[in-house]
Amino acid sequence: RPNIKIHPETADKFMDLVSLINLLLTIFLTFWIYIVSPEIIPAHYNVHGEINGYAGKSVLFIMPVIAIFLFAILKVVIKHPNLHNYIQVVTEENAADLYKGSSRMLRILNMLLITVFLFLQIQTSLEIKYSLHFSGWGWSLGIFLFVNVPLLIFIIKQLRKKNQLK
């Protein structure tokens with residue numbers, strides 16, 4: 001496969017910035033929650049929003065660590081689009097478009113995932129500090145749709161674009 005350097009466009013830079021800001025907000029929020037939380041906090045809820053597990057407040061750092069790891073891994077993967085999997089053969093003629101599309105999709109994914117981690121930390125802080133519970137399938141469905149709908153739209157656009165090239 002051709003090894004072409006893809007330069008980020010304005011939209012790509014915007015998504016990278018939003019991802020970074022949301023990651024930093026997640027980290028800062030985690031430290032704030034840690035400072036104001038009691039030593040033992042609710043750590044797990046059942047589908048009815050009832051607490052069914054407790055843990056030490058150090059568990060608050062699990063989500064930001066995962067978010068940092070995902071952010072870093074996706075940033076590395078974005079920089080090497082020639083190693084991504086594609087649904088069509090990569091040639092000299094289509095490599096730049098395919099690489100740009102693949103990198104854009106991963107930037108969207110990165111931004112959405114980091115935003116979900118921020119929302120989860122906000123939810124956690126509201127539950128710990130103010131006893132506000134977000135329970136039931138509606139919250140989970142909302143997160144699922146928030147992540148998957150933009151990705152599906154992007155994939156459909158890419159498939160339509162591919163079919164127009166034929």
Side-chain angles (χ1 to χ4, degrees), residues 8 10-81 83-87 99-160:
T10 303
D12 299 318
K13 291 177 184 177
F14 175 77
M15 286 184 277
D16 289 343
L17 181 63
V18 169
S19 298
L20 181 61
I21 289 170
N22 285 349
L23 181 63
L24 293 174
L25 287 172
T26 301
I27 294 166
F28 291 134
L29 182 60
T30 301
F31 279 102
W32 177 78
I33 298 169
Y34 185 82
I35 290 168
V36 300
S37 295
E39 290 302 315
I40 302 296
I41 60 170
H44 195 269
Y45 300 83
N46 64 20
V47 295
H48 305 292
E50 301 159 344
I51 300 168
N52 63 2
Y54 291 88
K57 66 182 183 177
S58 61
V59 301
L60 292 169
F61 291 100
I62 291 173
M63 279 201 282
V65 167
I66 294 170
I68 291 167
F69 178 75
L70 283 173
F71 179 84
I73 290 293
L74 285 171
K75 291 298 283 179
V76 169
V77 171
I78 287 168
K79 291 181 186 266
H80 302 285
L83 301 176
H84 302 178
N85 289 325
Y86 297 94
I87 58 175
Y99 292 178
K100 187 189 321 179
S102 181
S103 295
R104 171 83 41 100
M105 183 182 70
L106 289 173
R107 279 187 168 90
I108 292 169
L109 179 64
N110 196 14
M111 182 179 65
L112 294 174
L113 288 175
I114 298 303
T115 302
V116 166
F117 278 100
L118 175 60
F119 286 152
L120 291 173
Q121 284 302 75
I122 290 170
Q123 174 190 0
T124 301
S125 67
L126 292 173
E127 288 174 350
I128 291 171
K129 186 74 175 152
Y130 303 107
S131 299
L132 296 174
H133 298 290
F134 299 87
S135 62
W137 60 269
W139 179 248
S140 300
L141 177 64
I143 290 175
F144 176 82
L145 293 173
F146 178 76
V147 171
N148 288 294
V149 168
L151 289 175
L152 285 173
I153 290 169
F154 180 82
I155 290 168
I156 290 168
K157 284 183 177 181
Q158 291 300 107
L159 289 172
R160 284 184 180 163

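Bear in mind that the values here come from a model prediction, so they are computed numbers and not experimental data.
Every residue meeting the ring-ring contact (aromatic ring centres under 6.0 Å, His included) condition with Phe31, not counting sequence neighbours, appears here in chain and number order: Phe61. For Ala43, the side chain to side chain contact (heavy atoms under 4.5 Å, CB included) partners two or more places apart in sequence, or in a different chain, are Ala55. For Ser103, there are no side chain to side chain donor-acceptor pair (under 3.5 Å) partners at least two apart in sequence or on another chain. Applying the side chain to side chain contact (heavy atoms under 4.5 Å, CB included) rule to Ile153 yields the partners Val149, Lys157; only residues at least two apart in sequence or on another chain are considered. Evaluation of the ring-ring contact (aromatic ring centres under 6.0 Å, His included) rule for Tyr99 yields Tyr86 as partners, not counting sequence neighbours. Annotation: side chain to side chain contact (heavy atoms under 4.5 Å, CB included) contacts of Asn52 (sequence neighbours excluded): His44, Asn46. Judged as a side chain to side chain contact (heavy atoms under 4.5 Å, CB included), and not counting sequence neighbours, the contacts of Ile108 are Met15, Arg104, Leu112, Pro150, Leu151, Phe154.
Note that CG of Leu106 is 8.5 Å distant from CG of Asn110, once rounded to the nearest 0.5 Å. Once rounded to the nearest 0.5 Å, the distance linking CZ of Arg107 with NZ of Lys100 reads 11.5 Å. Rounding to the nearest 0.5 angstrom, the gap separating the CG atom in Leu109 from the CG atom in Asn148 is 9.0 Å. Rounded to the nearest 0.5 angstrom, Ile114 CD1 and Leu74 CG are separated by 7.5 Å. Taken from CG in Leu113 to CD1 in Ile66, the straight-line distance is 11.5 Å, to the nearest 0.5 Å.
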Apply side chain to side chain contact (heavy atoms under 4.5 Å, CB included) to the pair Leu60 and Ile128, showing each step before the final yes or no. CA-CA 11 Å; Leu60 292 169; Ile128 291 171; 3.9 Å; yes
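The list of salt bridge (charged side-chain N to carboxylate O under 4.0 Å, His left out) pairs with a residue in residues 111-121, not counting sequence neighbours, is empty. The list of salt bridge (charged side-chain N to carboxylate O under 4.0 Å, His left out) pairs with a residue in residues 26-44, not counting sequence neighbours, reads Glu39-Lys57. Sorted by first and then second residue, the side chain to side chain donor-acceptor pair (under 3.5 Å) pairs with a member in residues 24-36 read Thr30-Gln121; sequence neighbours excluded. Identified under the salt bridge (charged side-chain N to carboxylate O under 4.0 Å, His left out) test for residues 143-152, with sequence neighbours left out: none. Residues in residues 58-76 take part in these side chain to side chain donor-acceptor pair (under 3.5 Å) pairs, two or more places apart or across chains: Asp16-Lys75.
If you run side-chain contact (heavy atoms from CB on, under 4.5 Å) between Ile21 and each of Leu24, Leu23, Val18, Leu25, only Leu25 comes through.
For the pair Ile78 and Pro81, the tightest heavy-atom approach, listed with the atom from each and the gap, is O-CD, 3.5 Å.
Looking at heavy atoms from C-beta onward, Asn22 lies out of side-chain contact with Phe117 at the 4.5 angstrom threshold.
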